[in-house]
Number of protein chains: 2
Amino acid sequence: MKTNKLCIMRLSKYKSALYRLKSLGFVRIFSDNLADAVEVTSSQVRKDFSIFDISGNKRGGYKIDELIEKINTILGKDELQKVVIIGVGKLGSALMHYPGFEKEGIKIVAAFDIDALKFKHKEKTPVLPLEELPEFVRKNNIKIGIITVPATSAQQVVEIMLSAGIKGVLNFAPIQLRGNDDCQINNVNLEVELENLIYFVNVLIKTKGK
Amino acid sequence: MKTNKLCIMRLSKYKSALYRLKSLGFVRIFSDNLADAVEVTSSQVRKDFSIFDISGNKRGGYKIDELIEKINTILGKDELQKVVIIGVGKLGSALMHYPGFEKEGIKIVAAFDIDALKFKHKEKTPVLPLEELPEFVRKNNIKIGIITVPATSAQQVVEIMLSAGIKGVLNFAPIQLRGNDDCQINNVNLEVELENLIYFVNVLIKTKGK
DNA sequence: TTACTTTTGTGATAATATTCACAATATATA
DNA sequence: TATATATTGTGAATATTATCACAAAAGTAA
Ligand SMILES: NC(=O)c1ccc[n+]([C@@H]2O[C@H](COP(=O)([O-])OP(=O)(O)OC[C@H]3O[C@@H](n4cnc5c(N)ncnc54)[C@H](O)[C@@H]3O)[C@@H](O)[C@H]2O)c1
Ligand SMILES: NC(=O)c1ccc[n+]([C@@H]2O[C@H](COP(=O)([O-])OP(=O)(O)OC[C@H]3O[C@@H](n4cnc5c(N)ncnc54)[C@H](O)[C@@H]3O)[C@@H](O)[C@H]2O)c1
């Protein structure tokens, strides 16, 4: 079973589109419709599905409910995913209180900081001292953590997370983190995203000029 | 000149690594060092450079200052990039006040919302009514906008932006936006990012089990 | 029931992206 | 200055990803 990051991201997008289409009253769907919704080709959709042995009905398409369920299973969403956030600054607290994650079965169960002013032991999503992270992670069997600390602290934080047993990190600090083979580190680098956009807009403007 | 999105993103990362290496006292750099810093292969670095006719010295590597300048030129960073934000909620205001963009020559010059409670006409980065966006964009020759409104408003907002003359959109709403050939729309979908991470962590845990 | 149409599923093919490998050459060394 | 060595720059080779194209299957209509 060959998979790659882009393929998995497309699965997420298919799922999201399927929820929308379902709420619009659709019960069955064709690769064509999904392709439109996600802006890929229909053979891309079918190929992605075939990689995961998702099959529909020739001429009948796919049943939306079944499809959503299969994709959720592939994406490991059968159970609620518990996630912690490290760094409760501007970005961290925006993420912490974002209701969109819980709708997707992702629950921010706690956050950690080193600034005592940020601590909130009694909230439904507590903000705790960083020292308590290892114990919390072990007790609650947390696998995923989000890093929203300044770049200068990020490497140090990731090391604490790894030794606590975290297996997956989503890092927002604009710096390349060193991990190990036991842990998947993905980066969201918004400076890079903006620069990329600026580049392609410049290309666009130039090629339109002629 | 063949380019692709990943290659441009790597250029951004090289640049970021170069600033760091420079601050550490380096003056010259080899493809090998950069490769380490960005976690790619050294031939990837050299190939990326050769695509843009960036050349170094055989045996002498690259001069950091020249390299930074060349990459900045490619990325269109010779002049300050003015950007607007639409949607001053939790995420939008985090981005609006993030100093990291200005360091990279990206300036958030104004934000727009429909909620009168958010308006701030007198701040250095004003929050203005959405109706004023078209005029502001034209007067200030803005090319880039960031969408941080709820998914339900995003399509409507992007249409206003396009007709105002915006050429590039960074969209944080978890929905596929329709644009046109005159405009580059890039998406940052954090739900998708997290789901992706969860998938690969599950793969990791499974393969470690055996 | 049969002919016709639509859509899937997938091997073959094409396009893209990365790595290899090595000649060319700039610098260091003796 | 001559020799040794490290590093670039890039075609060729490989690997990865996406598209094509069509046989097979399933629904529809007559
Ligand atoms: N704010 C944005 O819009 C934005 C955009 C792009 C990238 N980022 C990146 O995201 C990260 C957070 O940005 P922010 O604007 O929220 O910063 P911030 O300064 O508002 O918040 C950082 C938080 O991390 C905490 N912290 C610092 N060191 C820590 C440590 N060792 N352990 C635990 N907590 C620690 C601080 O107490 C603070 O609460 C930064 O790396 C930044 O570069 C932010
Ligand atoms: N907060 C997060 O951490 C987070 C994470 C992932 C994705 N997102 C996405 O980012 C977007 C913003 O999230 P948020 O948490 O900041 O939401 P929010 O509700 O805090 O803020 C939304 C803002 O947009 C404004 N708005 C609504 N309709 C508008 C319109 N038509 N024109 C201009 N402004 C309008 C609202 O007045 C509000 O100020 C959403 O699409 C959300 O799905 C947010």
Side-chain angles (χ1 to χ4, degrees), chain A residues 1-14 17-18 21 26-71 74 176 192 196 199-200 203, chain B residues 1-14 17-18 21 26-71 74 176 192 196 199-200 203:
Chain A
M1 189 204 288
K2 279 174 290 177
T3 66
N4 66 61
K5 185 161 171 161
L6 291 179
C7 169
I8 300 301
M9 294 218 156
R10 283 193 301 268
L11 284 189
S12 284
K13 290 182 184 172
Y14 298 149
L18 286 167
L21 290 161
F26 287 84
V27 174
R28 299 172 150 280
I29 201 82
F30 302 121
S31 59
D32 221 17
N33 310 129
L34 257 184
D36 277 355
V38 178
E39 296 192 333
V40 297
T41 64
S42 63
S43 39
Q44 179 77 84
V45 173
R46 297 199 300 277
K47 180 66 92 182
D48 286 340
F49 287 177
S50 103
I51 288 169
F52 291 103
D53 291 316
I54 293 176
S55 58
N57 274 34
K58 292 198 160 97
R59 171 106 202 216
Y62 307 83
K63 285 189 199 158
I64 289 189
D65 281 332
E66 283 180 15
L67 203 43
I68 289 176
E69 204 173 300
K70 282 177 185 168
I71 294 176
I74 292 163
Q176 193 72 33
V192 168
N196 189 265
Y199 174 83
F200 284 103
V203 169
Chain B
M1 189 204 290
K2 279 174 291 176
T3 67
N4 67 61
K5 185 161 171 161
L6 291 178
C7 169
I8 300 301
M9 293 219 157
R10 283 194 300 269
L11 284 188
S12 284
K13 290 181 184 172
Y14 298 148
L18 285 168
L21 290 161
F26 287 84
V27 174
R28 298 172 150 277
I29 203 78
F30 302 121
S31 59
D32 221 17
N33 310 128
L34 256 185
D36 278 355
V38 178
E39 296 192 334
V40 297
T41 64
S42 63
S43 39
Q44 180 76 85
V45 173
R46 295 199 301 277
K47 180 66 89 181
D48 287 339
F49 287 178
S50 103
I51 288 169
F52 291 102
D53 291 315
I54 292 177
S55 58
N57 274 33
K58 291 198 160 95
R59 171 103 202 221
Y62 307 83
K63 284 189 199 157
I64 289 189
D65 282 332
E66 283 181 15
L67 203 43
I68 290 176
E69 203 172 301
K70 281 176 185 168
I71 294 177
I74 292 164
Q176 192 73 33
V192 168
N196 190 266
Y199 175 84
F200 284 103
V203 169

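Side chains are part of it too, since the values below use all heavy atoms of this structure and drop only hydrogens, waters and symmetry mates. Reminder, nothing fancy here: chain letters follow the sequence lines and each chain counts from 1.
- Between Phe52(B) and Ile8(B) the shortest side-chain heavy-atom distance falls below 4.5 Å.
- Closest approach of Asn196(B) and Lys5(A) over heavy atoms only: ND2-O, 3.4 Å.
- One can place CG of Leu6(B) at 12 Å from P of dT19(C), the figure rounded to the nearest angstrom.
- Here the C1' atom of nucleotide dT8(D) and the CD1 atom of Ile54(B) are 14 Å apart, to the nearest Å.
- Partner of Lys63(A) under the side-chain contact (heavy atoms from CB on, under 4.5 Å) criterion, out of Arg28(A), Glu69(A), Lys70(A): Arg28(A) alone.
- Across all strands shown, Ser42(A) has no heavy atoms under 4.0 Å from either base or sugar-phosphate atoms.
- Candidate nucleotides dA12(C), dG9(D), dT10(D) were compared by shortest atom distance to the side chain of Tyr62(B), and dG9(D) ranks first.
- In this structure, CD1 of Ile8(B) is placed 14 Å from C1' of dA17(C), rounded to the nearest angstrom.
- Checked by atom type and distance alone, the side chain of Asn33(A) pairs as donor or acceptor with a backbone atom of Phe30(A) at under 3.5 Å.
- For Ser55(B), the listed nucleotide lying nearest its side chain is dG9(D); candidates were dG9(D), dT10(D), dA18(D).
- Protein atom CD1 of Ile51(B) is 9 Å distant from nucleotide atom C1' of dA17(C), rounded to whole Å.
- Residue Ser12(A) comes nearest to Val192(B) through the heavy atom pair CB-CG2, 3.8 Å, listed as atom of the first residue, atom of the second, then distance.
- For dT19(C), the OP1/OP2 oxygens have a side-chain nitrogen or oxygen of Thr41(B) closer than 4.0 Å.
- Using a 4.5 Å cut-off on side-chain heavy atoms (C-beta onward), Phe49(A) and Leu11(A) make contact.
- With rounding to whole Å, Phe49(B) atom CZ is found 16 Å from dT18(C) atom C1'.
- As a whole-Å value, the separation of Asn4(A) CG from dA17(C) P is 13 Å.
- When atom types are taken as modelled, the side chain of Ser50(A) and the backbone of Asp53(A) share no donor-acceptor pair closer than 3.5 angstrom.
- Here the nucleotide nearest the side chain of Ser43(B), chosen from dT10(D), dT7(D), dA12(C), is dT10(D).
- Here Ser50(A) does not reach the OP1 or OP2 of dG9(C): none of its side-chain N or O atoms lies under 4.0 Å away.
- Per the geometry, NZ belonging to Lys47(B) stands 16 Å off P belonging to dA15(D), to the nearest Å.
- Between Gln44(A) and dT17(D), a side-chain N or O to OP1/OP2 separation shorter than 4.0 Å is absent.
- Lys5(A) places its NZ atom 16 Å from the C1' atom of dT16(D), with the value rounded to the nearest Å.
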**Request:** Could you encode protein contacts along nucleotides 22-30 of chain C as a string, one character per nucleotide from 5' to 3', using B for base contact, S for sugar-phosphate-only contact and - for no contact, with a heavy-atom cut-off of under 4.0 Å?
**Result:** --BBBBS--
